[in-house]
Amino acid sequence: MSRACKVLNVAEKPSVAKEISKILSNNNVRYSQSCARYNGLHYFAYNANGTHYDMVFTSVLGHLMELEFDSRYKKWRGCSPAELYNAAVSKRVPPDKQDVQRNLEQQARGCQKLVLWLDCDREGENIAFEVIEVCKHVNPRLDVRRARFSALIPRDLHTAMNNLILPNQHDANAVDARQEIDLRIGASFTRFQTLLLQDRFDWSTMDLGDVEKPIISYGPCQFPTLGLVVQRAWEIEAHVSEPFWYIHVSYKAPKEPKACDFTWDRARLFDHPAATMLYEICVENPRATVLKVEGRERKRWPPFPLSTLEMQKKATMYLRMPGERIMKLAEELYQAGFISYPRTETDIFAQGFDLQAMAGEHTQDARWGRHAQAIVDGSMWLRPRGGGHDDKAHPPIHPTKYSAGENDWAQDKKRLYEFIVRSFLAACSKPAIGFETTVRIAMADEGFHTSGLMVQERNWLEVYPFTGWGGNDNLPPLQEGQQFLPADLLLKQGATQPPPRLSERDLIALMESFGIGTDATVADHIQKQLDRGYVHKDSNLTFWPSDLGQALVGAYRRMDLENLWLPDLRGKIEQNITAVARGARTKEAVLQEAVQAFHADFLAAQQKQGLLEAEVALRFRRGLIPPEFPPSLTACVVCDATLQALLAACGPSSRPQAAANGGNAPRPPPAPPGGGRRGCTARGGGRQPPPGPGWQSRRHGAGNVGGNDDDSDDNDNGWPGPSQSTQSARGAQARGRGRGIAATRARGRARGSFAQGLGASQGSGALPRCPMHGLEVLHLTSNTAANPGRCYYKCAHPSEGHACLRFKWVDEWDAEMGNSSAGGRHGNLGRGGGRQAGRGQAGNRGCGHSAAAGRGQENWGAHGNSFASATGHPAGGGGACFKCGVPGHFARDCPNA
DNA sequence: GCAAGGTC
């Protein structure tokens, strides 16, 4: 007699191991604990294809391994974030999963065969290979097989066991690629953003809870999600309401209490004279004739069985709970055995489910028992329709045990359980039936209509109080050919509305349509937006992006790196991954292509980091408040003089730096290269023109958006990079003279400057006044190599507890000082500097959309109601500011308000 | 301290 074959079976989670064991063994299982806390062992015997198997069934907890960088790349400051695109990565079992690993190893040693019962999707296939790696490590001779099943029902499971196959390497590879892409771009951009911004701003003004220094994370699901919220907000802000007119007719039958309203067949007209004319014709001939009375039976079908996302979308709306809380409560209900597995894409019940028996568990309930009984006895029963989705691993969410509400359940938990039960019972019910009547009338050749609905059988609606059928039940009895005079005949005015603010239901639906996240993670991604302070939720439970959220999206827009946040980012990654899963492309090829592309985007973003700082600074009205002058910031904006020279030259209006700065005098700068720094005479006197390759060249760099892209040493990013030297900037300016745009720009700036503006605004050697407090500026410095384009100034106002110490962009300062030359940040993009020029022009301060403008996409459209209409992508252009009516900036940045 | 995906 041959010995039985010992088989190790592994499922993705303990509940599935238990369920499959129960079914395969015909309820003849022995259970014991293992060294893994949640992953017990189920023992039973099984016969397949004439072989006797000793089965031990255990489980893992989702992924066993995590992808991580090699240790030298783990420290945030230990390497440049850009290195993370080439850094070595490896898969390891994290500490909290090592007991799961040990359990597998112990069982694998004594078995001849390994059967993988992981969920039949890509992630499941990948987890299968993780399990194989661990088991084969201790038992290389293991015979490895995969069980493929469609549902946890006896027929499918026995078939799977008798038809074992090999695991699918393509699917597993696709997941490996996704993991690596996600890790490299997530970690690199998160470190980049966080290290750049974390210490530069006063985050106390933001609603970040107890967090003093935020983590400004980036993720290929996080940013597209943020993008959806920002897009909607910007569409709403850009909406320009348009008036329209419509004819309102109502009729009141003699003994009816309420009048019945008719809708104009033309709905509405945007042309007032035309609407008035038609209205006047009606007024002259107000007798209406009933043209047609039509009646027909209507059915309203019950909802499909609940998938995870449907549960979230509906429950967040009907119960007004965040998706994240819904998932947490559903998980608790599942673990306590009251509902089925809550993470499922399936919205159709497999044939093997005895749904009427499940309904039978609920007949005792005072609230829905009678309806459940009607399903059991067949008078209400109709097999649920399916929505066409099946993840082949889990049934739709349904109650598995009756409860009237346990004592320790919070109110929300009771409401969610009730929702799940009612949804299930509704899905198993007959459709509602009604009779709809439509009446069409004519008045002076204008058509109007109305309809009424009589609900005849409520059926599923009886057990599902979350929605009604609506309709109009006060339709008067009208006959064809009948004539009447209207109770009301009015010309009414309306106005177009912006799109609604984004609700959680809408956001989940949008994420689903763009393939952002999975059923199990969508709620987490939304929660992360809130936790990171990118998005806020208002009292109506709708989302609005924070200043930070808008700045992040705005910055990548201005960098021309829109693919980093547009909603289809995730979908594009998924597309490529799917090619790997199909076997059409290799993992290596897709990985290399993706990593290269994102690496290029990363380098571009790094080069244009000034735009990111600028967007955040502009959104934070208080500006940057550094604890002290950075040691590297040592030169005057005007003349590059050292601070010492500056202080000496500024004469009576200056104060000792140490006194004004809490005693932290900055270090003197290193000796200027080639004697490049000049004395402070120009600014000290304020009368001489500022000859300034020093400043001009910097300004050139600042105004370089969209030009000179063939200059390898010139940043094409609108801001000179930190490493840009005076020398190279000078070179750029010299080259610029020979060209159209660049030369024009250079000349334009030469007409006026930051320095001139200061001089002009004061007309003397004194420093200008602080634009915030009107007080004398004690100190002013900017445009150093380390902080290009920036300007720090102080006045005596004790607003910050000592002295007002503020940060501004040089051209922002220029504009506030009335310096007409300030075109620095936007270069040749039509940005008017100064107060006069700035008004009425596209792209004034804070317009933040120079990238689009620079590509000649300033066609905002007549009404600009949609960003999409202007530039072809949803947030690609802009509309007119709704405060001042001038296009090119958002109302919140309105310079004219 | 970072992603997203499993799951408890």
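Below, chains carry the letters A, B, ... as their sequence lines are ordered, and counting in each starts from 1.
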Discussion item. Check A/K13 with A/E19, please: is the shortest side-chain N to carboxylate O separation under 4.0 Å?
Written reply: no

Practice item. Using a 4.0 Å heavy-atom cut-off across all strands, classify A/N126 as base, sugar-phosphate, or nothing. Key: nothing

Whole-Å distance, A/K74 NZ to B/dA3 C1', equals 15 Å

Applying a 4.0 Å non-hydrogen cut-off, can you work out what A/G124 is touching in the nucleic acid: base, sugar-phosphate, or nothing?
nothing

### Task
May I ask you to say what A/S188 touches in the nucleic acid, namely base, sugar-phosphate or nothing, with a heavy-atom cut-off under 4.0 Å?
nothing

Remember a base hit wins even if backbone is also touched, and classify A/F598 as base, sugar-phosphate or nothing at under 4.0 Å, heavy atoms. nothing

message = Categorize A/L67 for me: base, sugar-phosphate, or nothing, with a 4.0 angstrom heavy-atom threshold over every strand shown.
response = base

TODO: For A/Y218, answer base if it contacts any base atom (sugar-phosphate contacts may also be present), sugar-phosphate if it contacts only those atoms, and nothing otherwise; contact means non-hydrogen atoms under 4.0 Å.
DONE: sugar-phosphate

By nearest-nucleotide position on DNA chain B, the 5'-leaning member of A/G186 and A/E331 is A/G186

Picking from B/dA3, B/dC2, B/dG5, the nucleotide nearest the side-chain atoms of A/H525 would be B/dG5

Testing B/dT7, B/dA3, B/dG5 for proximity to the side chain of A/E12, the answer is B/dT7

Between CG of A/L84 and P of B/dA3 the distance, given in whole Å, is 13 Å

Next on the checklist: Does a side-chain N or O of A/Y334 approach OP1 or OP2 of B/dT7 to a distance below 4.0 Å, or not?
Outcome noted: no

Here the distance between atom P of B/dG5 and atom CG of A/L118, to the nearest Å, is 18 Å

When rounded to whole Å, the CZ to C1' distance for the pair A/R178 and B/dA4 reads 5 Å

Against the side chain of A/P220, the closest entry in B/dG5, B/dA3, B/dT7 is B/dA3

Taking NZ, NE, NH1 and NH2 as the nitrogens, is one of them in A/R122 or A/E125 under 4.0 Å from a carboxylate oxygen of the other?
-> no

- prompt: Touch check for A/Q198, heavy atoms < 4.0 angstrom, all strands: base, sugar-phosphate only, or nothing?
  reply: base

Distance under 6.0 Å and angle within 45° of the ring axis: does A/K91 meet both against A/F129? no

According to a strict under-4.0 Å criterion, is A/R37 in side-chain N/O contact with OP1 or OP2 of B/dT7?
no

**Study point:** Ring-face cation contact, A/Y43 with A/R30, 6.0 Å cut, 45° max
**Key:** yes

- Would you say A/R343 reaches B/dT7's phosphate, i.e. side-chain N/O to OP1/OP2 under 4.0 Å? yes

Ranking A/A187 and A/V522 by the position along DNA chain B of their nearest nucleotide, the one closer to 5' is A/A187

- Message: Base, sugar-phosphate or nothing for A/K528? Non-hydrogen atoms, less than 4.0 Å.
- Response: sugar-phosphate

Rounded to whole Å, CZ of A/F602 lies from C1' of B/dC2 at a distance of 12 Å

Looking only at B/dA3, B/dT7, B/dG1, the nucleotide nearest the A/R532 side chain is B/dA3

note: A/R122, atom CZ; B/dG5, atom P; distance rounded to Å ~ 11 Å

Check your understanding: Under 4.0 Å between a Lys/Arg side-chain N and an Asp/Glu carboxylate O for A/D96 and A/R37?
Key -> no

Margin query: Classify A/Q179 by what it touches in the nucleic acid, base, sugar-phosphate, or nothing, heavy-atom distance under 4.0 Å.
Written below: base

Closest to the side chain of A/A520, out of B/dA3, B/dT7, B/dG1, is B/dT7

Whole-Å distance, A/Q193 CD to B/dA3 C1', equals 12 Å

I'd like to know if A/K328 pairs up with A/E332 as an ion pair, taking the criterion as any Lys NZ or Arg NE/NH1/NH2 lying under 4.0 Å from an Asp or Glu carboxylate oxygen. yes

_Carboxylate-amine/guanidinium contact A/K74 A/E68, below 4.0 Å_ = yes

Could you tell me whether A/P14 contacts a base, only the sugar-phosphate backbone, or nothing, with contacts defined as non-hydrogen atoms closer than 4.0 Å? sugar-phosphate

Q.
Below the 4.0 Å mark, does B/dA3 have OP1 or OP2 next to a side-chain nitrogen or oxygen of A/T190?
A. no

How is A/R184 classified with respect to the nucleic acid when contacts are heavy atoms under 4.0 Å: base, sugar-phosphate, or nothing?
nothing

From CZ of A/F192 across to C1' of B/dC2 the rounded distance in Å is 14 Å

Taking B/dG5, B/dT7, B/dA4 as options, the one with an atom nearest any side-chain atom of A/L61 is B/dT7

field: Under 4.0 angstrom between A/H63 side-chain N/O and B/dA4 OP1 or OP2
entry: no

